[in-house]
Amino acid sequence: MLKLPSGFAFDYANLSGPGKVTDADIAGVAGRISAAHAAVQHMRASGEVRGHLSKDGTPEKVLFSQLPYVAAGNLNSPQSIQRLKDFGATLRHHTDAVIHFGIGGSYLGNRVLFDAHGGEFWNSRSSADRDGYPELYFSGNNIDPQRTSDLISHILAAAKAKAPYRLLLVVVSKSGGTLDTMANFMVVYDALRRVPGLEISVVAVTDPAEGDKATLLKKLARENGWRTFAVPDGVGGRFSVFSEVGLVTAACIGFDIDAFLAGARAMDQACAGGDPWANPALLNAVLKYLSAANHGRNIEIFMPYADRLKAVAEWYIQLLAESLGKRADRQGREVFYGRTPVVAVGTTDMHAQTQQHQDGPRDKVVQFVRVGFWQPDPVIPAAFPAVRELAKFASLRMSQALDAALAANAEALSRDGRYSAVFTLPKLDAFHLGELLYLLALSVAYEGELADVDAFDQPGVEAYKRIMAPKLEALKKGQ
Ligand code: PA5
């Protein structure tokens, strides 16, 4: 178990040792581990990653590891953070609802912050219970005609019940022209902009380049006088939760930006050393890499035991899949690298997926996430004392039952030689969430080095785009 001073812990007992990843496995890649550490140190210091090119084939820096450090001249500066907080303060008590438009890296991190802070019932709480912050809805993360129409109907009904109804549309797109995001934005904007009593404002979050390089969204913002925030250069979508992309959502709902970045910073510092047994991101990368390379564990089930953390599993799917799912290594050789990520939630999926984890092919690592302290934490009451089966777990706290379920799942898997590990967040708050997300982001940087693949490009997603563009054109012509 590797435990940090903050209480954050990585329990790898069921991932390393006899029958799992052995000391000999690790010794066999000692040179690669040192090289991976040196490469990530170099990335931290200079933003340079060997062989990494942007989509247009030019060298591109990788700067996400700068984001936790708020300093003048950095991507997050005291001024930029203050501007976000001021923006949040202008919404408080003055905006009824926000709709966030974005997909992939321009959505998944935002969803994590919203779910962790607000939970499922945020939008049905009173404004006072939300501390004056607005309701928040997501759109753009699918091209689903029904969902978009349902959202419009919902806003129209709310606006009918309260005039004036103040709605903020936050449009997030680095490229500024993504079909999914912009189609939903245009449908919703057009449907609502002339409704009496409905006051709409728009914020655009996009590449800050000006002039010839300005994105469509940036140009629209300039023409229409919309406020803008930046998707910084050198920060890919899947790493952008620590930038203004994620922090815009934090500002909209009163999520603690300072604590979130402090957690990421604490994790960055905990992961500075070259000894894998003392560096949780490096250790995670080494054990997962060797689980796959030497033991055929090519699937990673990411399984938080908390509904509010399900979105972390969805965020991690993109992080792992886009970073490490690569056809070729940096020498151009075909390697078809990458574990397949799978979302699961405990205890929910113990009644479904666990059958496969326990008895299916021995090709998985189950990565549990546990919350150490719950508040609130109801006691299961003896509501029906005469029923002996129910009395068996009466008087336990819900968190005790949840912990017992996780421990039993890990033990059952381990008894059958199956691999798992546990990240423990001492409690679910902004600081520890920052630690967890940053650990995972840094871990894929290390694993990219171990596997010698570029963890920061995603050429595979261009394949369908090249086919889809002419299809859309043909549809337009045929109208
Ligand atoms: O990681 C990625 O690059 C993607 O998931 C993008 O974030 C997603 O396609 C959205 O792109 P954009 O922000 O340009 O609209």
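Just so you know, ligand 1 is whichever comes first in the structure, and atom 1 is the first atom listed for that ligand.
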In a table with atom names and distances, give each donor-acceptor pair under 3.5 Å that connects a side chain of residues 419-428 to protein atoms at least two apart or in another chain.
{"residue": "Tyr419", "atom": "OH", "partner": "Gly19", "partner atom": "O", "Å": "3.4"}
{"residue": "Tyr419", "atom": "OH", "partner": "His295", "partner atom": "ND1", "Å": "3.1"}
{"residue": "Thr424", "atom": "OG1", "partner": "Arg370", "partner atom": "NH1", "Å": "3.4"}

Considering only N or O atoms, set out every pair between ligand 1 and the protein closer than 3.5 Å, with distances to one decimal place.
{"residue": "ligand 1", "atom": "1 (O)", "partner": "Gln318", "partner atom": "NE2", "Å": "2.9"}
{"residue": "ligand 1", "atom": "1 (O)", "partner": "Glu322", "partner atom": "OE1", "Å": "2.8"}
{"residue": "ligand 1", "atom": "5 (O)", "partner": "Gly105", "partner atom": "N", "Å": "3.2"}
{"residue": "ligand 1", "atom": "5 (O)", "partner": "Gln318", "partner atom": "NE2", "Å": "2.6"}
{"residue": "ligand 1", "atom": "7 (O)", "partner": "Gly105", "partner atom": "N", "Å": "2.9"}
{"residue": "ligand 1", "atom": "13 (O)", "partner": "Ser106", "partner atom": "OG", "Å": "2.6"}
{"residue": "ligand 1", "atom": "13 (O)", "partner": "Lys174", "partner atom": "N", "Å": "2.8"}
{"residue": "ligand 1", "atom": "14 (O)", "partner": "Lys174", "partner atom": "N", "Å": "3.4"}
{"residue": "ligand 1", "atom": "14 (O)", "partner": "Ser175", "partner atom": "N", "Å": "2.8"}
{"residue": "ligand 1", "atom": "14 (O)", "partner": "Ser175", "partner atom": "OG", "Å": "2.7"}
{"residue": "ligand 1", "atom": "14 (O)", "partner": "Thr178", "partner atom": "OG1", "Å": "3.4"}
{"residue": "ligand 1", "atom": "15 (O)", "partner": "Ser173", "partner atom": "OG", "Å": "2.6"}
{"residue": "ligand 1", "atom": "15 (O)", "partner": "Thr178", "partner atom": "OG1", "Å": "2.5"}

Under the ring pair (Phe, Tyr, Trp, His ring centres under 6.0 Å) criterion, do Phe368 and Phe302 qualify, and how do the steps go? CA-CA 6 Å; Phe368 299 114; Phe302 198 88; over 10 Å; no
Any side-chain donor paired with an acceptor under 3.5 Å for Tyr133 and His93? no
Give a yes or no on whether the backbone of Val335 and the side-chain of Asp329 come within a donor-acceptor separation of less than 3.5 Å. no
If you look only at distance, which donor and acceptor atoms sit under 3.5 Å apart when one is on a side chain in residues 310-321 and the other is two or more places apart or in another chain?
{"residue": "Tyr316", "atom": "OH", "partner": "Glu300", "partner atom": "OE1", "Å": "3.0"}
{"residue": "Tyr316", "atom": "OH", "partner": "Glu300", "partner atom": "OE2", "Å": "3.2"}
{"residue": "Gln318", "atom": "NE2", "partner": "Glu322", "partner atom": "OE1", "Å": "3.3"}

Please list, chain by chain and in numerical order, all residues satisfying side chain to side chain contact (heavy atoms under 4.5 Å, CB included) with Thr354, sequence neighbours excluded. Met303, Met350, His357, Asn409
